[in-house]
Amino acid sequence: MLLFQDMLELIRSEARRFIDGIEEKEVIFDPTEHAHITLRLIKYSRSVDDFDSKLDSICEGIGKLKFVGSAKREGAYINVNLEPLTVLRTISESIETAGIFPDSFQDPERVSVEHTSTNPTGPIHMGRVRNSIIGDSVARLIARYGYRVTTQYYVNDSGKQMLSLYLGYRKFHDGEKPTVPILLDGYLKIYSLFEKEGNEKEVEDLMERYEKGDEEIIRNVREIATIVLDSIVEDLARLHIKFDEFTWESEFITTGETKEVMKRLSTSIQTNPDDGARYIDIPGLRKIYLERRNGTSLYVTRDIAYHMYKFSQYDRCIVILGEDHREHGKIMTYIMHDLLEYKNQLDFLFYGYVNLESGKMSTRKGTSIPVREVYDKLVEKAKNEMISRYGNASDETAHKIASSSLRFYLVKINPSKPITFKWEDALDFNGETAPFIMYSYTRAASIMDKAASTGGKYSGEEMHESEGDLIIHLYQYPYRLKEAYMSLKPEVLANYLLVLSKKFTKFYENCRVIDQPDPVRNRRIEIIKSYMKILEDCSDILGITNVRKM
RNA sequence: GGGCGCGUGGCCAAGCCUGGAUAUGGCAACAGCCUCCUAAGCUGUAGAUCAGGGGUCCGAAUCCCCUCGCGCCCGCCA
């Protein structure tokens with residue numbers, strides 16, 4: 001089966017027969033919509049003899065290629081249009097025989113995607129969930145590309161924040177049944193107490209006992225951490241995000257893995273002469289401490305242990321982290337690759353904060369917007385929209401609209417850009433949103449429901465421009481899939497989905513289907529079937545769940 | 001102070017890696033479109049010194065340098 005990227009390659013080789021060394025990027029999908037594919041050859045105009053006549057030859061050669069409908073010269077550009085009918089046959093044949101387009105897969109390497117990994121100190125908020133949504137989409141993307149993916153949540157049950165959560169509970173709610181609101185209340189109280197007294201000795205003592213492996217404290221902290229973690233997992237489940245594996249940070253302390261890290265790194269580790277604290281010096285960066293003077297481990301030490309574990313299980317590890325961890329990513333890469341000499345691929349994906357118009361989101365300061373709150377409002381709005389249209393609402397559909405909207409709102413934006421959360425935007429169902437995409441699907445489904453036939457023989461007569469345009473964009477799917485996969489950018493697919501559904505809407509506005517005579521109707525039905533299939537496939541990667549009615 | 005990220009019409013994004021055709025969409029605004037497969041849609045109008053300045057180049061939103069603004073990091077915290 002020829003994919004879009006194969007077409008580009010065929011056209012490139014044809015062009016290179018006449019002009020040697022034409023770069024890959026000069027033969028591309030044309031974003032300016034002059035044609036489907038364009039050759040930008042202006043840069044060769046002066047270095048190539050007989051440029052003009054060579055362009056004519058290239059143009060002629062391309063015109064003869066299979067799949068190509070037309071090739072036209074416009075100055076130093078050659079604009080190529082594919083033959084939509086042939087393309088449509090390729091797509092529908094794949095869906096017919098393999099049930100999917102594209103149907104080619106890679107060798108199944110094992111890939112780990114670690115995401116969320118937020119400290120279970122309270123309900124997950126709109127800032128943290130950006131991590132989950134990006135991470136889950138990346139995991140799905142890689143799985144769609146043919147790899148065996150495991151999603152992982154690294155649960156931080158050690159450290160100051162978690163011990164403060166525990167201390168707050170013991171101090172303010174001892175004996176009460178630990179629930180999320182009670183734990184959160186204790187957490188907020190203990191931090192305001194720290195602030196008032198400027199004394200954190202109590203929690204520091206706990207930390208030392210914890211890090212020395214005090215089993216009772218570790219058990220108690222883990223117990224309350226589990227309660228909060230469960231609520232986070234529950235909130236994420238409503239967004240269709242689930243984890244294959246949870247790894248507790250404390251395990252690396254109790255099993256002695258952190259000691260193993262020190263041993264493995266011994267040739268690079270230096271010791272403070274005065275107090276015995278141990279560190280490594282990262283060139284061009286700074287000293288990174290791995291062991292305190294009292295012999296306990298630090299966050300980096302435990303993260304190294306965690307990555308050693310992951311590298312023993314997976315060929316490639318991807319980690320989604322907030323932008324405040326950019327330097328941590330550099331440190332980890334240096335240690336794992338340069339010092340420990342692992343060959344496994346390690347990728348970090350960073351994302352910017354989700355802020356409020358009034359400033360930062362913080363659980364500790366009580367200024368965060370819980371995911372649950374946004375989700376519930378989305379469900380409510382979706383129901384109201386349906387009631388105003390049909391007088392009744394499907395609960396299931398409302399939930400699908402809510403989870404899709406929330407995910408799309410955060411995944412469509414380039415992760416490195418900060419987001420300012422606005423209710424107005426988050427609750428928008430118009431324009432560049434998940435409901436817009438979903439709506440186009442319901443229109444397609446509606447036609448299929450009403451059309452008596454499910455297709456048949458078709459030909460290319462009376463093809464409207466919007467049909468061909470839609471077909472070519474459908475054909476681009478594997479190309480976008482590859483682009484998104486190679487660069488780990490789910491937002492590429494989000495934008496593709498928007499463009500694709502806009503093309504469908506255009507088609508819908510311009511082309512009648514069920515009341516058309518047969519060859520035309522069959523072709524349009526075939527287009528709609530392909531559209532639905534590809535939209536489902538791509539939506540699924542982003543966690544958008546389509547419905548036949550909304 | 002050093003390092004990193006971000007800056008695109010009133011608002012929000014795409015494009016930047018890999019320079020090339022009149023900078024692509026959405027929201028809000030204005031004017032229209034449902035006897036017709038779902039109007040959560042569509043059409044049209046208006047709106048941009050691509051933060052600012054310099055440089056490289058035949059050509060810069062895109063590459064380089066400087067400046068400004070916002071954010072983040074620079075712990076024996078995580």
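Bear in mind the structure is a predicted one, so any value in this text is a computation, not a measurement. Reminder, nothing fancy here: chain letters follow the sequence lines and each chain counts from 1.
- Separating the CD1 atom of A:Ile437 from the P atom of B:A40 is a distance of 16 Å, rounded to the nearest angstrom.
- Nearest-nucleotide positions on RNA chain B place A:Glu483 closer to the 5' end than the other of A:Glu483 and A:Asp428.
- Only the P atoms considered, B:G32 is 47 Å distant from B:G69, to the nearest whole Å.
- The side chain of A:Arg443 has B:G41 as its nearest neighbour among B:C76, B:G41, B:C73.
- Contacts of A:Asp30 with the nucleic acid, taken as non-hydrogen atoms under 4.0 Å apart, include base atoms.
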query = Given A:Glu211 and A:Arg292, is the side-chain contact (heavy atoms from CB on, under 4.5 Å) satisfied, shown in steps?
reply = CA-CA 11 Å; A:Glu211 278 149 15; A:Arg292 295 189 182 88; 2.7 Å; yes
task = Please test A:Phe507 against A:His464 for ring-ring contact (aromatic ring centres under 6.0 Å, His included), starting from the C-alpha separation and ending with a verdict.
result = CA-CA 8 Å; A:Phe507 161 78; A:His464 190 272; 8.6 Å; no
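- The side chain of A:Lys502 lies closest to B:G25, out of B:A78, B:G20, B:G25.
- Rounded to a whole Å, the NZ atom of A:Lys287 is 19 Å from the C1' atom of B:G3.
- Using atom P as the reference point in both B:G2 and B:C16, the two lie 31 Å apart (nearest Å).
- Aromatic ring centres of A:Tyr375 and A:His399: separated by under 6.0 Å.
- Listed pair A:Ser416 / B:C6 meets the phosphate criterion, a side-chain N or O lying under 4.0 Å from OP1 or OP2.
- The separation of B:C70 from B:G25, taken at their P atoms, amounts to 33 Å, rounded to a whole angstrom.
- In this structure, a donor-acceptor pair under 3.5 Å is absent between the side chains of A:Arg302 and A:Thr258.
- Pairing each heavy atom of A:Glu24 with each of A:Arg12, the nearest pair is O-NE, 3.0 Å.
- Distances were taken from every side-chain heavy atom of A:Thr38 (C-beta onward) to each of B:U18, B:A21, B:A40; the shortest belongs to B:A21.
- Distances were taken from every side-chain heavy atom of A:Asp275 (C-beta onward) to each of B:C76, B:C36, B:A21; the shortest belongs to B:C76.
- Of the candidate nucleotides B:C42, B:C36, B:A40, B:C36 has the atom lying nearest to any side-chain atom of A:Arg512.
- Regarding A:Lys43, its NZ atom lies at a distance of 13 Å from the C1' atom of B:U62, rounded to whole Å.
- Of the P atoms belonging to B:C63 and B:G26, the separation is 27 Å, rounded to the nearest Å.
- A side chain to side chain contact (heavy atoms under 4.5 Å, CB included) with A:Asp205 is found for one member of A:Lys201, A:Glu208, A:Glu202 and no other, namely A:Lys201.
- Here the nucleotide nearest the side chain of A:Tyr353, chosen from B:U22, B:A78, B:C72, is B:C72.
- For the pair A:Tyr77 and B:A21, the ring geometry qualifies as stacking, because the centroid separation is below 5.5 Å while the planes lie within an angle under 30°.
- Checked against B:A40, B:A21, B:G7, the side chain of A:Asn79 finds its nearest nucleotide in B:A21.
- Pairing of B:U22, defined by two Watson-Crick or G-U wobble distances under 3.5 Å, is not identified with any nucleotide.
- Listed nucleotides B:G41, B:U18, B:A78 differ in distance to A:Asn430; the shortest reach to its side chain belongs to B:G41.
- Candidate nucleotides B:C77, B:C42, B:A14 were compared by shortest atom distance to the side chain of A:Phe436, and B:C42 ranks first.
- Position along RNA chain B of the nearest nucleotide to A:Glu23 versus A:Thr397 favours A:Glu23 as the more 5'-ward residue.
- Put simply, CD1 on A:Ile282 is 13 Å from P on B:G75, counting in whole angstrom units.
- Within the nucleic acid shown, A:Leu298 comes within 4.0 Å of sugar-phosphate atoms alone, with no base atom in reach, counting heavy atoms only.
- Between the P atom of B:A40 and the CD atom of A:Glu424 lies a distance of 19 Å, rounded to the nearest Å.
- Among the atoms of the strands shown, none is found under 4.0 Å from any heavy atom of A:Arg278.
- The aromatic ring centres of A:Tyr299 and A:His328 sit less than 6.0 Å apart.
- The distance from atom CD of A:Glu432 to atom P of B:G25 is 10 Å, rounded to the nearest whole Å.
- Across the protein-nucleic acid pair, A:Leu41 atom CG and B:G20 atom C1' stand 11 Å apart, rounded to whole Å.
- Rounded to an integer number of Å, the gap from A:Glu327 CD to B:C77 P is 16 Å.
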